[in-house]
Chemist: 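Can you read through this structure? Questions will come right after.
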Amino acid sequence: MSKDIYSFYELVQSYNVKIPIIQRDYAQGRKRNVTICENFLKALKDSIVNDKTINLDFIYGNVEYEVFLPLDGQQRLTTLFLLHWYAFVKENNADDFARINLKKFSYETRLSSRRFCEALFDNTVSIDSSAETISEQILDSKWFFISWKHDSTIRAMLRTIDIIHYVFKDVDNIWESLVKRKNIVFHLLILENFGLSDDLYIKMNARGRLLTPFENLKAEMQDKSTKNGWESSRNEIDKFSYKIDGRWTHFLWQNFKKNNSVDNAHMNFITTIVMAKLSTGQILKGAERIELIRKLNENNSYQELIKYIDEDTFNYIYDSYELYCDLFDSDSSPLLTIDMWRHEPEKNLLYQIFLGTNTSYTHKVLFFAHTEYLRRNSTIDQTKYEEWMRVVRNIVSRADLTSDGKRSDIVRSPETFYGAINLVNELAAGCGDIYAYLSVNPVSSAFAHEQVKEEIIKSKILTNTPDNKELIHKTEDNELLRGRITFALECANYKNSIDEIDFDLLAKVQTVFENYFNKELESSNLEFDKLRRALLTIELNGSYCYYNYWWSYWYSVCLKVEQVGRHVALVNIYLWRLHIQKCLNL
């Protein structure tokens, strides 16, 4: 061990000083500690005014690669740093060498705290003895990010700056007393080769703070990016570490803050992107990839998430943050006006991703489709955007039924999420005009094959006879059909070619579905009962009570023939068509 007496300025001349990430936030400037902070500063003022030395006792820590990491003394060092900044600015110090030295003090607990410390020296702040506070001027400055208000360390620093101003505004030659006369000193105790682990920091400093999963992840992402040179071509202010504590967090605070915290919103966003990129990338394969997707869907704070962020995923996350910030800044983010059924987004899909709890696989697929459109189209065409989202909606909400009669989303497992993401990723090549794309391009993905085949048929209809667009869309939007309209097309004479379709008849069929099959069974509407009684006459495995719930009206048409028996399926379809024909003649 080595022991010596230092002033604060001598310390930063000798070392870079970093408050370790495991330490708690700066607390000396908190509201409840105002009296303690003020008394401490008055004691420092007394030593300066009376030109006497005050010793602040021991400050000890470790030195790694010429960086001093304080184990104890964080609060005193931070207050001394702010006092030196105040003296530097108040006395109009133009010494760039001194400025560089003082900037060697930084915080690692939050990147925003570090950026604020740097910004104090990189921007102009005037000290007016007649002003009551300095913090108001800082808060109103263009360089101060609004999101910084929510960093507890920065809030405490601003309060301390105001207390310093209150105590020292009438004191002259503060800088000379601090730097040249060295009126304020402390014992520096360096624990050499002691191996200060995070556990030791916590045990020796019971006030050590636990970081949120997001704080850990962003530190890991910054570290991984630096080590691998992913941002070597970017300027410092354009790097991930600067953006995540500046513009991106400001964007979340403005639009998606909940319970005064945005950390969870960040984790939701990043985890959703990692899930999608795992599906399209090659980091993992097979069962291991599927299991990780399941874990991430259940836990947005998965401890080993950083292992699955490669350069491509890192850049996708970076670009997506920038994309959504730009859209909200310009107030041009597209809104979905089409019916999304059970997955109706609040305002837009971002709200469900950033703020949702237990966000479904389907929501995440829709968000990926939404993001891909925005990434691939520099100009947003609201019509083309909604056509793209309509196709994806139809695919992920197709009429699958469970044994209890509830219609489930097709995307309800990590396996189907993987398949849906890869299908969307393939179709995204034509998201700028999805109908034109599907009408001429084959689809290689086998996921949701039957629904994709139907989307291709509808795309050919809409590119060849665009006047039928409203009719097709109204048919798709039916509560019972929900995007799967092959049966309605067959009722209008479709067999193998779109040229066979009688669109006048299809319009009448659509009206029947809208009037009679677009809501739950009501006692005032006897058409349901008539069809139900006919369906109940069909025996299946010795039972006649098969059709006793809402979606069972559509059961025989939606399920594969082999699932209910070919003869049952054919009879049911026949009864459906007879009933629709009867409705057409009403």
Chemist: Strictly below 4.0 Å, N to O, side chains only: are E118 and R115 in salt-bridge contact?
Modeler: yes
Chemist: Between F116 and F145, does the ring centre distance come in under 6.0 Å?
Modeler: no
Chemist: Please confirm whether the backbone N or O of A98 pairs with a side-chain atom of D95, one donor and one acceptor, at under 3.5 Å?
Modeler: yes
Chemist: Quick one: are T463 and L438 in side-chain contact, heavy atoms under 4.5 Å?
Modeler: no
Chemist: Checking side chain to side chain donor-acceptor pair (under 3.5 Å) for the pair N377/K384: CA distance, chi angles, key distance, verdict?
Modeler: CA-CA 10 Å; N377 296 276; K384 297 300 181 185; over 6 Å; no
Chemist: Check whether any side-chain N or O of S360 sits under 3.5 Å from a backbone N or O of H363 as a donor-acceptor pair, and report yes or no.
Modeler: yes
Chemist: Please step through salt bridge (charged side-chain N to carboxylate O under 4.0 Å, His left out) for the pair D245 and K218, ending with a clear verdict.
Modeler: CA-CA 9 Å; D245 270 318; K218 69 179 180 180; 2.8 Å; yes
Chemist: For N394 and E476, run side chain to side chain donor-acceptor pair (under 3.5 Å): C-alpha distance rounded to whole Å, both residues' side-chain angles, the deciding distance at 0.1 Å, then the answer.
Modeler: CA-CA 8 Å; N394 293 345; E476 286 182 335; 3.0 Å; yes
Chemist: Please walk me through it: do Y26 and Y107 pass ring-ring contact (aromatic ring centres under 6.0 Å, His included)?
Modeler: CA-CA 9 Å; Y26 175 56; Y107 259 74; 7.1 Å; no
Chemist: In sequence, state the C-alpha distance, the side-chain angles, and the governing distance for K103 and D122, and then conclude on salt bridge (charged side-chain N to carboxylate O under 4.0 Å, His left out).
Modeler: CA-CA 9 Å; K103 287 180 68 175; D122 289 339; 2.7 Å; yes
Chemist: Would you say W143 and V125 make side-chain contact, with heavy atoms under 4.5 Å?
Modeler: yes
Chemist: Taking the side chain as every heavy atom from C-beta outward, state whether L217 and M267 have any atom pair closer than 4.5 Å.
Modeler: yes
Chemist: Once you round to the nearest 0.5 Å, how far does OG1 of T475 lie from CD1 of I485?
Modeler: 5.5 Å
Chemist: Do N123 and K142 have side-chain atoms, one donor and one acceptor, less than 3.5 Å apart?
Modeler: no
Chemist: Without swapping roles, check the side chain of E231 against the backbone of T226 for a donor-acceptor pair under 3.5 Å.
Modeler: no
Chemist: Cut-off 3.5 Å, side chains only: do D151 and S113 have a donor facing an acceptor?
Modeler: yes
Chemist: Output, in order, the C-alpha distance, side-chain angles, deciding distance and verdict of salt bridge (charged side-chain N to carboxylate O under 4.0 Å, His left out) for E298 and R294.
Modeler: CA-CA 6 Å; E298 294 173 354; R294 182 191 64 77; 2.8 Å; yes
Chemist: Tell me whether K460 at atom NZ has more than 12 heavy atoms from other residues, nucleotides or ligands lying less than 6.0 Å away.
Modeler: no
Chemist: Please lay out, stage by stage, how I127 and K169 fare under the test side chain to side chain contact (heavy atoms under 4.5 Å, CB included).
Modeler: CA-CA 8 Å; I127 305 296; K169 61 184 177 182; over 6 Å; no
Chemist: Do the side chain of T416 and the main chain of S413 share a donor and acceptor less than 3.5 angstrom apart?
Modeler: yes
Chemist: Walk me through it: do K474 and D477 pass the test salt bridge (charged side-chain N to carboxylate O under 4.0 Å, His left out)?
Modeler: CA-CA 5 Å; K474 286 178 68 175; D477 290 340; over 6 Å; no
Chemist: Has W148 got a side-chain atom pairing as donor or acceptor with H250's backbone, closer than 3.5 angstrom?
Modeler: no
Chemist: Between N422 (side chain) and S279 (backbone), is there a donor-acceptor pair under 3.5 Å?
Modeler: yes
Chemist: Could you tell me whether the side chain of S439 and the main chain of A436 form a donor-acceptor pair under 3.5 Å?
Modeler: yes
Chemist: Give the ring-plane orientation class for F81 versus F8, where under 30° counts as parallel, over 60° as perpendicular and anything between as tilted.
Modeler: tilted
Chemist: Is the backbone N or O of Q222 less than 3.5 Å from a side-chain atom of S225, with the two atoms forming a donor-acceptor pair by type?
Modeler: no
Chemist: Are the side chain of K458 and the backbone of G483 linked by a donor-acceptor contact shorter than 3.5 Å?
Modeler: yes
Chemist: So how far is it from K295 NZ to N300 CG, rounded to the nearest 0.5 Å?
Modeler: 15.5 Å
Chemist: Would you say that more than 12 heavy atoms from the other residues, nucleotides or ligands in this model lie under 6.0 Å from the CD of E415, or not?
Modeler: yes
Chemist: NZ of K90: more than 12 outside heavy atoms within 6.0 angstrom?
Modeler: yes
Chemist: Quick one about S397 and R484 (side-chain donor to acceptor, distance below 3.5 Å, no hydrogens or angles considered), yes or no?
Modeler: no
Chemist: With sequence neighbours left out, what residues match H473 under ring-ring contact (aromatic ring centres under 6.0 Å, His included)?
Modeler: none
Chemist: What distance separates F368 CZ from I273 CD1, expressed to the nearest 0.5 Å?
Modeler: 9.5 Å
Chemist: Who pairs with F214 by ring-ring contact (aromatic ring centres under 6.0 Å, His included), at least two apart in sequence or on another chain?
Modeler: H266
Chemist: Check step by step if ring-ring contact (aromatic ring centres under 6.0 Å, His included) holds for F251 and F256.
Modeler: CA-CA 8 Å; F251 158 68; F256 303 102; 5.5 Å; yes
Chemist: Closest approach of I237 and K243, non-hydrogen atoms and distance?
Modeler: O-CE, 3.9 Å
Chemist: Can you say whether the rings of W248 and Y318 are parallel (under 30°), tilted (30 to 60°) or perpendicular (over 60°)?
Modeler: perpendicular
Chemist: Roughly how far, to the nearest 0.5 Å, is the CD atom of Q75 from the OG1 atom of T160?
Modeler: 9.0 Å
Chemist: Compare all side-chain heavy atoms of L158 with those of I134 and state whether any distance is below 4.5 angstrom.
Modeler: no
Chemist: Under 6.0 Å between ring centres, would you say that holds for F447 and Y418?
Modeler: no
Chemist: Within the 4.5 Å heavy-atom criterion, are Q352 and F367 side-chain neighbours or not?
Modeler: no
Chemist: Say you draw a straight line from CD of E372 to SG of C431; how long is it, rounded to the nearest 0.5 Å?
Modeler: 7.0 Å
Chemist: Kindly determine whether F68 and N16 satisfy side chain to side chain contact (heavy atoms under 4.5 Å, CB included), including the steps that lead there.
Modeler: CA-CA 6 Å; F68 177 69; N16 287 308; over 6 Å; no
Chemist: Indicate whether any N or O donor in one side chain lies under 3.5 Å from an N or O acceptor in the other, for Y316 and T371.
Modeler: no
Chemist: Flag the pair E288 / E291 as yes when at least one side-chain heavy-atom distance between them is below 4.5 Å, and no otherwise.
Modeler: no
Chemist: Quick check on E136: does its CD atom have over 12 non-hydrogen neighbours (other residues, nucleotides or ligands) under 6.0 Å away?
Modeler: no
Chemist: Between R114 (side chain only) and S106 (backbone N and O only), is there a donor and an acceptor less than 3.5 Å apart?
Modeler: no
Chemist: What orientation do Y385 and H370 show, parallel under 30°, tilted 30 to 60°, or perpendicular over 60°?
Modeler: perpendicular
Chemist: With the side chain counted from C-beta on, respond yes when E322 and R247 share a heavy-atom pair under 4.5 Å apart, and no when they do not.
Modeler: yes
Chemist: Looking at CD of Q254 and SG of C325, how far apart are the two atoms once the value is rounded to the nearest 0.5 Å?
Modeler: 9.0 Å
Chemist: Measure from NZ or CZ of R234 to the centre of the six-membered ring of Y242 and say whether it is under 6.0 Å with the direction within 45° of the ring axis.
Modeler: no
Chemist: Is any side-chain heavy atom of F105 less than 4.5 Å from a side-chain heavy atom of L77?
Modeler: yes
Chemist: More than 12 heavy atoms of other residues, nucleotides or ligands under 6.0 Å from CZ of F121: yes or no?
Modeler: yes
Chemist: Can D310 and T313 be counted as having a side-chain donor-acceptor contact under 3.5 angstrom?
Modeler: yes
